[in-house]
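Following: one structure in C-alpha cells, then a few remarks.
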Amino acid sequence: QVQLVESGGGLVQAGASLRLACAASGRSVDLYSLGWFRQSPGKEREFVAGTNRSGRGTIYSDSVKGRFTISRPSATTVYLQMSSLKPEDTAVYYCAATWRYSSSATEYAYWGQGTQVTVSS
C-alpha cells in the first residue's frame with residue numbers, strides 16, 4: 001500500500017507560478033514511479049507529468065512541456081513546478097503511483113485525494 005498526499009494548490013492569476021508537492025508513504029514506495037494527473041469538470045483525467053523511481057527520468061504531456069517541471073528529490077517526495085499558468089490549467093491535480101513508468105492512468109494503482117488549482121484570466 002502506498003499513501004499519497006498532495007499540497008500546494010490555490011488560486012493564482014494567469015502567468016503566475018505554483019508548486020505542488022506530493023508526500024508518498026508506505027511499503028517500498030521507492031520502487032514506484034510517480035506521476036501527476038489533472039481533471040477539470042466534464043473532462044477525463046489527463047496525464048500531466050511523470051518521473052521514474054530514481055527521479056532521473058521524466059515525461060510530460062505536450063500541453064505542459066516547457067512550462068511544468070516534475071522533480072523527485074527523495075523517494076517519498078515529488079514536486080510539480082508550474083510556470084506560465086493559463087486558465088486552461090485549472091483542474092484538480094492528483095499525485096499517483098505506479099509500478100510502471102507510464103503516462104496511462106490505468107497503470108497507476110494508488111492515488112492521492114487531489115488539490116485544486118485555479119488560474120484566473
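When reading the values below, keep in mind they use all heavy atoms of this one structure, side chains included, and skip hydrogens, waters and symmetry mates.
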Do the side chains of T90 and V117 get nearer than 4.5 Å, heavy atoms only?
no
Heavy-atom count check: over 12 atoms from other residues, nucleotides or ligands less than 6.0 Å from Q113 CD?
yes
Are any of the side-chain heavy atoms of S17 and L85 separated by less than 4.5 Å?
no
The reported gap from CG in L34 to CZ in R72 (rounded to nearest 0.5 angstrom) is 4.0 Å
When rounded to the nearest 0.5 Å, the distance separating CG of L20 from CZ of R38 is 11.0 Å
Are V78 and L31 grouped together when hydrophobic residues (ILVMFWY) are joined by side-chain heavy atoms under 4.5 angstrom apart? yes
Below 4.5 Å, heavy atoms only, C-beta onward: do Y79 and I70 meet side chain to side chain?
no
Using a strict 4.0 Å threshold on nitrogen-to-oxygen distance, state whether D62 and K65 make a salt bridge. yes
With heavy-atom distances below 4.5 Å as the criterion, would you say the side chains of T51 and I59 are in contact? no
Are the side chains of S63 and E46 in touch, meaning some heavy atoms are under 4.5 Å apart? yes
Is it possible for you to check whether R45 lies under 6.0 Å from the centre of the six-membered ring of Y94, through NZ or CZ, and within 45° of that ring's axis? yes
- Assess whether side chain to side chain donor-acceptor pair (under 3.5 Å) is satisfied between S104 and T106, documenting all intermediate values. CA-CA 5 Å; S104 173; T106 58; 2.8 Å; yes
| query | Within a strict 4.5 Å, meaning less than it, do heavy atoms of the R27 and V29 side chains meet? | reply | no
* Asked: Is any side-chain heavy atom of Y93 closer than 4.5 Å to a side-chain heavy atom of Q116?
  -> no
Evaluate the side-chain proximity of Y60 to T69: yes if any heavy-atom separation is below 4.5 Å, no if none is.
-> yes
Over 60° means perpendicular and under 30° means parallel, so classify the ring planes of Y108 and F37, tilted if in between. perpendicular
Are W36 and Y110 connected, step by step, through hydrophobic side chains (Ile, Leu, Val, Met, Phe, Trp, Tyr) whose heavy atoms are closer than 4.5 Å? yes
Exercise. Would a distance-only check, ignoring hydrogens and angles, find a side-chain to backbone donor-acceptor pair under 3.5 Å from N52 to Y101?
Worked result: no
